[in-house]
Amino acid sequence: MQTLFVTFIRYWLALVISGYGFVKFFHLQFEELFYRNDATVGSLSGFSLTWNYFGYSNVLNLVIGFIQVAGSVMLLFRKTTLLGVIMLLPVMINIVLIDVLYGIPLGATLNAICFTIGLLYLLFLHWDIIRVIITKQLLQPAAGNLTLKWMARVLVIGGPFAFALIMNLKFKKEQPMAGKWEVKYTIKNNKPVDEDAWLKDAAIWQNVYIEHYKSITCSPNPFVVDAYRSQTGEYAFSSNNDTITLKFFKQSKPLQIQVNHLSKNEMEWNYHRGDDTIKMVLVRRDSVTVD
């Protein structure tokens, strides 16, 4: 009876998982939806983000599909069942994590969970083989001081941890002005700039995005970030004299900006661009304003 049940599980998993593999070959999964191409990233759900991401690379889909089909074929034969499980299980665990954490519809998520449980069941049936493999000492122990060995082990793991911690402390310092800032109005050479001036002049910014990791994007388009017209670079803020130094990637000369903090959620920028004198008033527009 158990043999019949195991056979059913193997064939059922091969049927359903190979189906998911074959649809990738014919571009029936992760298909392109034209409306998503014009949607902003912030408006997309986890489901849409996932579909866009995997739909970007057809090669990746073919590789995943091949693994699903090849692993399913191996499930059909008792001698290669374990190899099929080893091929499919990492893929299915990854799919379950994506489904759960990115809000994929419940039906697809439950399917992935059931397939993964089935593979784990088949893996458990081979536990005697797996236990021998993972517990057998394949290499002869190297001679040496045990204390030095443990020091090396700690350094191998602790070194990368220390590096990540130092980089985090160095680069991810909380920036008080980090967030999305909307340009309330701009005055150029003592004259107010027209509301539609950004259509012709990309240097008339409408939104400024200041990130924690010292990057900044200045967008003339008030609705979306236009990659072709926006200016992106790095910034450095000096609290000693309240100045921001902007270094745009496509400009060699940095821009020096004098900052006047009108309030915690409003500030004024004054700077020179060529022969022009610019004054901008910016208002914080990110999700959380500073009280």
Side-chain angles (χ1 to χ4, degrees), residues 27 30-61 98 101-103 167 171-188 193-237 243-257 259 265-274 276 278-289:
H27 310 291
F30 308 124
E31 72 284 355
E32 179 182 19
L33 294 181
F34 300 111
Y35 88 91
R36 280 204 298 250
N37 293 338
D38 288 339
T40 58
V41 174
S43 68
L44 295 178
S45 64
F47 175 77
S48 294
L49 286 171
T50 303
W51 245 240
N52 270 21
Y53 173 79
F54 283 100
Y56 183 82
S57 173
N58 186 48
V59 175
L60 176 62
N61 289 326
I98 292 174
L101 299 178
Y102 281 74
M167 295 296 288
F171 292 107
K172 198 179 178 181
K173 295 179 180 178
E174 284 294 323
Q175 302 296 331
M177 63 176 61
K180 174 185 176 181
W181 295 81
E182 177 186 311
V183 178
K184 192 175 181 180
Y185 61 84
T186 301
I187 296 177
K188 181 178 178 181
V193 173
D194 295 337
E195 292 183 358
D196 58 352
W198 63 272
L199 294 170
K200 297 180 179 180
D201 187 354
I204 302 300
W205 304 325
Q206 300 298 307
N207 289 310
V208 176
Y209 303 87
I210 304 175
E211 313 295 345
H212 287 290
Y213 277 107
K214 300 298 181 78
S215 65
I216 187 168
T217 300
C218 300
S219 173
N221 193 320
F223 307 109
V224 295
V225 177
D226 186 341
Y228 296 100
R229 301 186 70 223
S230 298
Q231 292 176 287
T232 304
E234 297 179 344
Y235 74 94
F237 176 70
T243 59
I244 297 177
T245 302
L246 299 186
K247 295 181 180 179
F248 292 120
F249 297 138
K250 296 181 180 180
Q251 294 182 8
S252 58
K253 187 177 180 179
L255 189 65
Q256 298 290 336
I257 298 176
V259 181
N265 298 306
E266 190 173 1
M267 60 181 171
E268 179 185 283
W269 284 10
N270 293 277
Y271 60 95
H272 295 278
R273 188 178 68 235
D276 298 323
I278 309 295
K279 181 173 78 171
M280 297 192 315
V281 173
L282 301 89
V283 180
R284 186 184 290 274
R285 289 290 186 242
D286 49 307
S287 57
V288 180
T289 57

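Atoms considered below: every heavy atom in the structure, side chains included; atoms not considered: hydrogens, waters and symmetry mates.
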So, for [X] and [Y], which heavy atoms are closest and what is the spacing to 0.1 Å?
X    : Y    : result
S219 : V224 : OG-O, 3.5 Å
R284 : G179 : NH1-CA, 4.2 Å
S57  : L60  : OG-N, 3.2 Å

Sort and list the pairs that fulfil side chain to side chain donor-acceptor pair (under 3.5 Å) and have at least one residue in residues 195-206, not counting sequence neighbours.
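Only W205-Q231 qualify under side chain to side chain donor-acceptor pair (under 3.5 Å).
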Tell me, please, which residues at least two apart from [X] pass salt bridge (charged side-chain N to carboxylate O under 4.0 Å, His left out).
X    : answer
E211 : none
D276 : K188
K184 : E266

Partners of F54 by ring-ring contact (aromatic ring centres under 6.0 Å, His included), sequence neighbours excluded?
F30
Just to verify, what does F47 make a ring-ring contact (aromatic ring centres under 6.0 Å, His included) with, not counting sequence neighbours?
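Partners of F47 under the ring-ring contact (aromatic ring centres under 6.0 Å, His included) test: W51.
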Distance, nearest 0.5 Å, that separates [atom1] of [X] from [atom2] of [Y]:
X    : Y    : atom1 : atom2 : answer
L255 : I216 : CG    : CD1   : 9.5 Å
N207 : L282 : CG    : CG    : 9.5 Å
I204 : N221 : CD1   : CG    : 14.0 Å
F248 : C218 : CZ    : SG    : 4.0 Å
M177 : N265 : CE    : CG    : 12.5 Å
L101 : T50  : CG    : OG1   : 10.0 Å

Donor-acceptor under 3.5 Å (S230 side chain, A227 main chain):
no
Answer yes or no: is there a donor N or O on one side and an acceptor on the other, between the side chain of S48 and the main chain of L44, under 3.5 Å?
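Not a single qualifying donor-acceptor pair exists.
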Is the shortest heavy-atom distance from the side chain of [X] to the side chain of [Y] under 4.5 Å?
X    : Y    : result
I257 : L246 : yes
W181 : R285 : no
H27  : N58  : yes
T245 : P254 : yes
V208 : I210 : yes
I278 : M280 : yes
Y271 : K279 : no
Y209 : T232 : no

Do I244 and W269 pass the side chain to side chain contact (heavy atoms under 4.5 Å, CB included) test, and can you show the C-alpha distance, the side-chain angles, and the key distance before you say yes or no?
CA-CA 9 Å; I244 297 177; W269 284 10; 3.7 Å; yes
